There are 2 protein chains.
Amino acid sequence: MQLTVFPAPTSPTANLDHGHDHGGCRTKALQTAEQLCNNRGVRLTPMRRQVLELIWESHRAIKAYDLLDRIKPTTGTAKPATVYRALDFLLEQGLIHKVESLNAFIGCSFSDHQHQQLLLTCIRCLEVEERPAAGVMEAIDRELEQAAFIIHHKAIEIHGICIRCAKHPPITATI
Amino acid sequence: MQLTVFPAPTSPTANLDHGHDHGGCRTKALQTAEQLCNNRGVRLTPMRRQVLELIWESHRAIKAYDLLDRIKPTTGTAKPATVYRALDFLLEQGLIHKVESLNAFIGCSFSDHQHQQLLLTCIRCLEVEERPAAGVMEAIDRELEQAAFIIHHKAIEIHGICIRCAKHPPITATI
DNA sequence: TGCCGATATGTTATATAGTAGCATATCTGC
DNA sequence: GCAGATATGCTACTATATAACATATCGGCA
Ligand SMILES: [Zn+2]
Ligand SMILES: [Zn+2]
Ligand SMILES: [Zn+2]
Ligand SMILES: [Zn+2]
């Protein structure tokens, strides 16, 4: 029998995620979020901030109900509406993205400026990389111009194997 | 009070869908499906064929549970697993596509040859247009080469207003 | 300071989407 | 006709998301 075991996506002991200091990513994202909300006169409440923090715990997309399990409400247990409302706010403010093909959410890596993005999801480590990919966006604009289609929203999602997982193939054991 | 009313997406009396004879689209799709399944030695059973027919009733994406409501089983009522199994088969055979951002399905317009596609969903008439968009696909390939990302699957979905709806704006009434 | 309207969260219930596991039926090759 | 493979029926369940209304909190202003 063949068993395939993938390495754990993150170290259990540290903020190291695929070899980078992820604490920096998270801190920066939260600081940017605070500033943007201040500038815009909208409120990054404790609940919204907590959801954003949980989303930024890794570069893996997280599902609404997994967030729900991890929310520590001041009293009782959190309900779906709570987390979905926080997600709606964060989406509106451009602080997170929804990965439609996963029904899951990731922190936006470029929330401080207007952008459009490709989302590259690794089917091994489950991390999602956001790439502005200007060339792709221009090609889409040209295509839509030909089609005379007035764009409101794009979702460009690619699934595959990221370079790190390609270089460190999964451990394979024979039982 | 302002009320906005969109024209009905299809004529109730005919196979005319946004001004084209849609019966031709459907007939061609079903014939192609029969041939492909024959060539491949897979079975387009009555259930699978019925689901494909229902999907091809229009160019609007249809949800699994709406299909379920419309399936006429030989006996009793259809259950979710029935329709999802038919959908799985049709997806595997490349006869339909899933629109991830809608949790809905459309018939593939190019099932007789290998292709990759953009899905343009009109938020007014709800029709979905599939476009091969070679330029976009090349741009994505270049981007993924830079990212050293090995692609397994793409979903490129755009929401907006199609040219037909842009030309025939919704009726607006004041009450 | 205390009240008011607006915003945010709590709570209950329900709608929508998708899967697991096992029984039964149908097909296909022998 | 029989056996194994494939497809469907069926029951139950899990997962994802929203509606509607009650309560709490915030922030400006009398
Ligand atoms: Zn990081
Ligand atoms: Zn972003
Ligand atoms: Zn048509
Ligand atoms: Zn297609």
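We use all heavy atoms of the structure for the numbers below, so side chains are in, but hydrogens, waters and symmetry mates are not. In what follows, every chain begins at residue 1, and chains take the letters A, B, ... in the order their sequences are listed. Remember, it's a predicted structure, so these values are computed and weren't measured experimentally.
- Legend: residues meeting side-chain contact (heavy atoms from CB on, under 4.5 Å) with B:S109, ordered by chain and number and at least two apart, are B:W56, B:E130.
- Taking B:E138 as the reference, nothing meets the salt bridge (Lys or Arg N to Asp or Glu O under 4.0 Å) condition, with sequence neighbours excluded.
- Neither OP1 nor OP2 of D:dA7 sits under 4.0 Å from any side-chain N or O of B:T45.
- The overall bend of the helix from C:dT1-D:dA30 to C:dC30-D:dG1, read as the angle between its terminal helix axes built from five base pairs each, is 20° when rounded to 10 degrees.
- Evaluation of the side-chain contact (heavy atoms from CB on, under 4.5 Å) rule for B:P132 yields B:F110 as partners, not counting sequence neighbours.
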Filtered N/O pairs between nucleotides 18-24 of chain C and protein, under 3.5 Å:
| unit_1 | atom_1 | unit_2 | atom_2 | d |
| --- | --- | --- | --- | --- |
| C:dG18 | OP1 | B:K98 | NZ | 2.7 |
| C:dG18 | OP2 | B:Y84 | OH | 2.8 |
| C:dG18 | O5' | B:Y84 | OH | 3.3 |
| C:dG18 | N7 | B:Y65 | OH | 2.5 |
| C:dG18 | O6 | B:Y65 | OH | 3.3 |

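- Within the structure, every side-chain polar atom (N or O) of A:T82 is placed at least 4.0 Å from both OP1 and OP2 of C:dT9.
- Between the P atom of D:dC13 and the NZ atom of B:K79 lies a distance of 16 Å, rounded to the nearest Å.
- Closest to the side chain of B:R48, out of D:dT8, C:dT9, D:dC10, is D:dT8.
- Looking at B:R40, its side chain does come within 3.5 Å of a backbone N or O of B:Q93 through a donor-acceptor pair.
- A:V136 shares a hydrophobic cluster with A:L118, A:L120, A:M137, A:I140, A:L144, A:F149, A:I151, A:I156, A:I158, B:L118, B:L120, B:V136, B:M137, B:I140, B:L144, B:F149, B:I151, B:I156, B:I158; the chain of contacts runs through ILVMFWY side chains whose heavy atoms sit under 4.5 Å apart.
- For A:E157 (side chain) and A:E100 (main-chain N/O), a donor-acceptor pair under 3.5 Å exists by modelled atom type.
- Ring-plane geometry between A:Y65 and A:Y84 is classed as perpendicular, the angle between the planes exceeding 60 degrees on a 0 to 90 degree scale with a lower cut at 30.
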